[in-house]
Amino acid sequence: MKLIGSWILAGASLTQPVPFSHKQHTANVACNVCHATAEKAERAGMPAVSQCMLCHENVKRESPHIRKLAGYQKDNKPVPWVRVYRIPDFVFFSHATHVGAKVECAACHGPVEQRDVLAKEVATDMKSCIDCHKSRGASIVCNLCHELGQ
Ligand code: HEC
Ligand code: HEC
Ligand code: HEC
Ligand code: HEC
Ligand code: HEC
């Protein structure tokens with residue numbers, strides 16, 4: 001039984017602690033404002049609650065969802081967002097090199113700016129990595145992505 005697979009199945013939507021909508025937020029805020037290290041590091045990064053509260057100290061502050069958000073800030077706790085995309089630890093992957101090579105966010109995550117709720121809609125299995133590498137002339141040697149025989 002692949003339990004992990006049950007929540008990362010393509011198309012399955014996840015219940016987040018606060019119903020954050022990318023569609024509602026990406027018209028005025030660029031991806032890299034909230035995912036600040038997508039161009040410079042392995043991980044794209046997640047926004048701090050304080051970043052949300054820059055607007056939500058005023059915007060919709062009476063909403064129960066925003067009150068919940070303010071509660072995380074007050075308790076000095078990160079929002080426990082449920083991860084959507086995840087690859088195993090034995091695979092090396094860096095956002096910085098892909099974004100630097102002009103691979104769009106949408107090639108690996110779909111049209112995020114049109115989504116109210118994110119789901120894993122693009123596969124990140126070995127075949128998908130290799131298919132794109134072949135089509136873009138990037139290397140497919142095993143130890144590009146794995147440290148084998150160590
Ligand atoms: C640039 C300002 C801005 C930032 C930053 C921002 N929001 Fe918002 N948010 C808005 C606006 C504007 C709305 C729509 C309000 C409306 O419907 O009138 C909204 C709506 C929401 C709602 C729906 C509230 C409701 O009950 O209708 C949630 C939940 C929310 N935001 C969460 C977040 C979270 C979580 C973050 C941080 C990751 C965040 N927002 C960052 C401006 C912002
Ligand atoms: C206002 C802040 C904000 C902006 C702007 C924003 N995001 Fe997000 N992003 C979040 C938050 C909060 C989550 C966690 C909740 C969720 O998964 O919907 C998230 C989750 C994600 C995830 C899933 C991460 C995972 O694996 O769990 C992806 C992919 C993503 N964002 C891509 C984008 C892209 C691409 C853009 C620009 C088109 C963008 N985001 C713009 C706040 C933001
Ligand atoms: C070549 C494919 C690819 C591209 C391009 C890409 N991502 Fe990702 N993204 C992934 C993979 C794979 C993961 C899972 C990484 C892991 O588990 O270590 C991920 C994870 C994430 C996460 C979860 C948090 C994290 O840092 O791991 C966010 C947020 C995210 N991506 C946002 C973005 C944004 C924003 C862009 C564009 C600026 C982008 N991604 C471009 C493949 C990609
Ligand atoms: C949509 C296209 C695309 C997808 C999908 C993709 N890659 Fe890549 N990848 C590239 C391109 C283009 C390069 C060449 C970048 C360069 O070195 O200029 C690259 C380079 C790399 C490199 C070498 C550069 C570095 O960061 O060390 C690694 C490792 C890598 N990819 C891992 C992965 C993994 C793992 C996946 C799947 C989870 C993946 N890639 C999915 C397009 C893609
Ligand atoms: C472009 C990146 C990339 C390259 C090149 C690559 N792999 Fe992988 N490999 C992955 C990813 C991503 C996974 C994890 C897939 C998942 O999410 O389960 C993986 C998983 C695996 C696994 C675990 C079992 C499985 O199938 O999930 C083995 C074994 C493996 N790779 C061997 C290899 C060998 C041998 C080569 C060379 C012929 C190779 N890989 C080349 C990205 C790559």
Side-chain angles (χ1 to χ4, degrees), residues 2-10 15-73 77-113 115-118 120-150:
K2 272 195 163 180
L3 283 178
I4 300 281
S6 64
W7 62 270
I8 54 170
L9 279 178
T15 305
Q16 295 290 358
V18 174
F20 176 81
S21 161
H22 277 82
K23 190 175 176 187
Q24 199 167 36
H25 287 87
T26 46
N28 305 312
V29 189
C31 309
N32 66 6
V33 171
C34 289
H35 303 296
T37 52
E39 287 156 34
K40 348 180 226 227
E42 280 181 32
R43 298 216 161 264
M46 293 296 279
V49 198
S50 56
Q51 221 174 319
C52 312
M53 294 312 290
L54 286 175
C55 292
H56 286 292
E57 292 290 1
N58 300 309
V59 177
K60 284 263 172 171
R61 51 186 295 179
E62 299 310 322
S63 147
H65 305 309
I66 301 304
R67 286 184 183 205
K68 189 172 178 191
L69 201 57
Y72 289 116
Q73 187 182 41
K77 290 205 176 111
V79 184
W81 301 114
V82 179
R83 288 290 306 268
V84 182
Y85 288 88
R86 181 156 255 171
I87 51 172
D89 287 344
F90 61 82
V91 182
F92 177 73
F93 176 80
S94 163
H95 276 88
T97 36
H98 287 88
V99 176
K102 306 255 179 297
V103 183
E104 310 258 307
C105 311
C108 300
H109 298 304
V112 168
E113 67 288 346
R115 300 286 178 250
D116 281 320
V117 180
L118 292 195
K120 185 166 181 183
E121 57 186 291
V122 180
T124 53
D125 57 1
M126 184 161 124
K127 184 177 183 298
S128 338
C129 310
I130 288 180
D131 284 350
C132 180
H133 278 212
K134 281 185 178 155
S135 75
R136 305 221 189 180
S139 169
I140 55 162
V141 299
C142 311
N143 67 3
L144 186 78
C145 306
H146 306 295
E147 281 181 35
L148 300 173
Q150 302 283 312

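Just follow the structure's listing: the first ligand is 1, and inside any ligand the first atom is 1. These numbers come from a predicted model, not from an experiment. Numbers for residues simply follow the sequence, beginning at 1.
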message: Using a 4.0 Å cutoff against the non-hydrogen atoms of C132, which atoms of ligand 4 qualify?
response: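 Counting from 1, the qualifying ligand atoms are 1 (C), 2 (C), 3 (C), 4 (C), 5 (C), 42 (C), 43 (C).
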Among [options], whose heavy atom sits nearest [atom]?
atom	options	result
atom 1 (C) of ligand 1	P47, S21, P64, C55	C55
atom 10 (C) of ligand 1	Q16, H56, E62, M53	H56
atom 11 (C) of ligand 5	V91, T124, V141, I87	V91
atom 22 (C) of ligand 1	R67, Q24, K68	Q24
atom 7 (N) of ligand 4	R136, E42, H98, M126	H98
atom 20 (C) of ligand 4	K127, K102, H133	H133

I need the nearest protein heavy-atom contact for [atom]: residue, atom name and distance, please.
atom	answer
atom 27 (O) of ligand 4	F92 CE2, 3.5 Å
atom 18 (O) of ligand 4	A101 CB, 4.0 Å
atom 29 (C) of ligand 1	V18 CG1, 3.6 Å

Taking 4.0 angstrom as the limit and counting only heavy atoms of [X], give me the atoms of ligand 1 inside it, by number and element.
X	answer
H65	26 (O), 29 (C)
Q51	5 (C)
V29	1 (C)

